[in-house]
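In what follows, every heavy atom counts, from backbone to side chain, and hydrogens, waters and symmetry copies are set aside.
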Amino acid sequence: MRAYERLLQYARVYTTSDPESGTHPSAAREFDLAHMLVEEMKNLGIEDARVDEHCYVYGTLPATPGCEKLPALGLIAHMDTAPDASGENVNPILHENYDGNDVTLPATGMVMKTSTFPFLKELKGETLITTDGTTLLGADDKAGVAEIMTAAEILLAEGRPHGKVCIAFTPDEEIGEGASLFDIPGFGADFAYTVDGGDVGGIEYENFNAASATVTIHGFSVHPGSAKDAMINASNVALEFHSALPVMARPETTEGYQGFYHLCQMYGDVTDAKLGYILRDHDAQKLQYKKDNLMHIAAYLNGKYGEGTVEVEIKDSYRNMIEKIKPHFHLVENARKAIRMAGLEPEEEPVRGGTDGATLSWNGLPCPNLGTGGFNFHGVCECTTVERMDKAIEILLNIVELYSK
């Protein structure tokens, strides 16, 4: 089966994760695809394929004769889709021999314009896969699931030599919990790749260090007619707090390695107000500066309005995987070789976000990320192509070959 054919099947299974549930998995519907994958893996000959109580799917391709002493390689993708757009009743559309021009999504009439998405012109002549305009596609990351499954099928069907290959499909990646209950010892890999990136040929081994901050402001309300030198308007203090942060360190004004303060939530009245931020930077010391800056602003405002007016709570979220990848940089070097063997030039950019690979790397499983051939994730303009999915499989097989020597 071609990878895109698998994607068309998987995309129709409703697996949107739920950030509000507090359960693991976050939505019972994620088991629907998990059980489907286990059955498919067993049909391919992966005898130990299984799903655990938290909806993690595992399976192993034992090493072929003569390769038993080679390191065990892991391949990981996630089954859930983002709650940013509907993932229910997905209807993928194939555009064969795509002409490189604007694409109209038939169910809504929405137009994917090449002026908005310039990469579309580069897909001319390929078989483009889009949504019908009512849902996301789910190529993030069901394309990665399909590519790993197809690579496994080829390895088994053709008897290609390889060391132990460990496969895992995870739930809840889109809500930041995909690696939370991942059984690294049970998985059995020495190192791994997540297959969850953008365009094929991409390698990602740097990501943000991340923290969240909640700023709580306590005001003092009196009648506005007699408020002079008495009222402390919590909403005004919140605005003052936010105005003390640099305008040029926001998501909408940064790129590349530039970090940011992102105001995600704000609400309040005269008596109480809250601000919710996420803080991001590839450099851990610069992230610490951002944390310290919030505390300094709070100290200044407390000196101005009275101790306890402003409270700041900061929590760390995840860390840059590069520190854990450097000692195992063969993962990047072999990925580069595999991509060049497939006739492409590697594209290496820092992730302006986080990945399961970051958490797994810090938990002891070095795990950079590879591209799937997808674009415009988390929305109704999500797309991929048949040819780029095929190329992703070629890269995976090249990586397996490099680690089989």
Side-chain angles (χ1 to χ4, degrees), residues 1-13 77 81-82 84-151 153-154 195-204 255 338-349 352 369-398:
M1 187 182 292
R2 297 275 295 279
Y4 86 91
E5 295 174 305
R6 286 189 161 95
L7 172 62
L8 298 182
Q9 290 183 4
Y10 303 160
R12 292 186 171 94
V13 183
T81 60
D84 304 68
S86 173
E88 189 173 13
N89 299 318
V90 174
N91 182 29
I93 305 294
L94 268 66
H95 310 259
E96 295 185 4
N97 195 23
Y98 167 55
D99 62 10
N101 294 319
D102 294 351
V103 180
T104 300
L105 304 179
T108 62
M110 179 180 290
V111 179
M112 294 171 56
K113 296 183 178 181
T114 57
S115 58
T116 304
F117 306 118
F119 69 84
L120 286 170
K121 296 179 182 179
E122 301 173 12
L123 310 183
K124 182 178 180 179
E126 301 182 28
T127 299
L128 181 68
I129 307 174
T130 70
T131 75
D132 66 0
T134 60
T135 69
L136 48 65
L137 176 61
D140 178 17
D141 184 30
K142 292 172 183 176
V145 175
E147 289 155 3
I148 291 171
M149 289 289 286
T150 306
E153 182 178 26
I154 292 171
V195 186
D196 187 26
D199 196 8
V200 68
I203 313 171
E204 297 168 340
E255 61 184 351
I339 291 166
R340 291 190 175 110
M341 288 165 64
L344 302 174
E345 190 60 26
E347 295 184 9
E348 302 174 28
E349 293 186 359
R352 289 182 60 80
N369 191 36
L370 300 173
T372 62
F375 304 89
N376 292 348
F377 296 151
H378 294 200
V380 298
C381 293
E382 187 180 4
C383 60
T384 186
T385 75
V386 170
E387 291 78 7
R388 287 171 194 246
M389 291 187 69
D390 288 344
K391 189 62 71 172
I393 295 162
E394 184 179 348
I395 291 167
L396 291 179
L397 293 172
N398 289 342

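Residue Ile339 comes nearest to Glu345 through the heavy atom pair CG2-C, 4.0 Å, listed as atom of the first residue, atom of the second, then distance. Gly133 approaches Thr108 most closely through the heavy-atom pair O-CG2, 3.3 Å. Between Thr134 and Ala107, the shortest heavy-atom contact is CG2-CB, 3.6 Å. The minimum heavy-atom distance linking Gly371 with Ala392 is given by the pair O-CB, 4.1 Å.
Between Thr135 and Asn91 the shortest side-chain heavy-atom distance does not fall below 4.5 Å. Between Val111 and Thr104, the closest side-chain pair of non-hydrogen atoms falls below 4.5 Å. Here the side chains of Thr385 and Thr127 are not in contact, with every heavy-atom distance at 4.5 Å or above. For the pair Asn376/Phe119, a side-chain contact is recorded, criterion being any heavy-atom separation below 4.5 Å from C-beta on. Contact annotation: the side chain of Asp141 approaches that of Thr372 to within less than 4.5 Å [non-hydrogen atoms, C-beta and beyond]. Tyr98 has its side chain within reach of Leu120: a pair of non-hydrogen atoms, C-beta onward, lies under 4.5 Å apart. For the pair Leu396 and Thr150, the minimum side-chain heavy-atom distance is 4.5 Å or more. Looking at Thr131 and Val90, their side chains never come closer than 4.5 Å, going by heavy atoms from C-beta outward.
Counting heavy-atom neighbours within 6.0 Å of Glu349 CD, excluding the residue itself, gives a total of 12 or less.
The closest donor-acceptor contact from the side chain of Glu382 to the backbone of Leu137 lies under 3.5 Å. Between the side chain of Thr384 and the backbone N or O of Gly373, at least one donor-acceptor pair lies under 3.5 Å. Side-chain atoms of Lys142 come within 3.5 Å of backbone N or O of Val13 as a donor-acceptor pair. A donor-acceptor pair under 3.5 Å is absent between the side-chain atoms of Asp132 and the main chain of Pro106, judged by distance alone. Judged by distance alone, with hydrogens and angles left aside, the side-chain atoms of Lys121 form no donor-acceptor pair with the main-chain N or O of Thr114 at under 3.5 Å.
The existence of a salt bridge linking Arg6 and Glu153 is confirmed by a sub-4.0 Å separation between a basic side-chain nitrogen and an acidic carboxylate oxygen.
For Phe117 and Phe375, the distance between ring centers is not under 6.0 angstrom.
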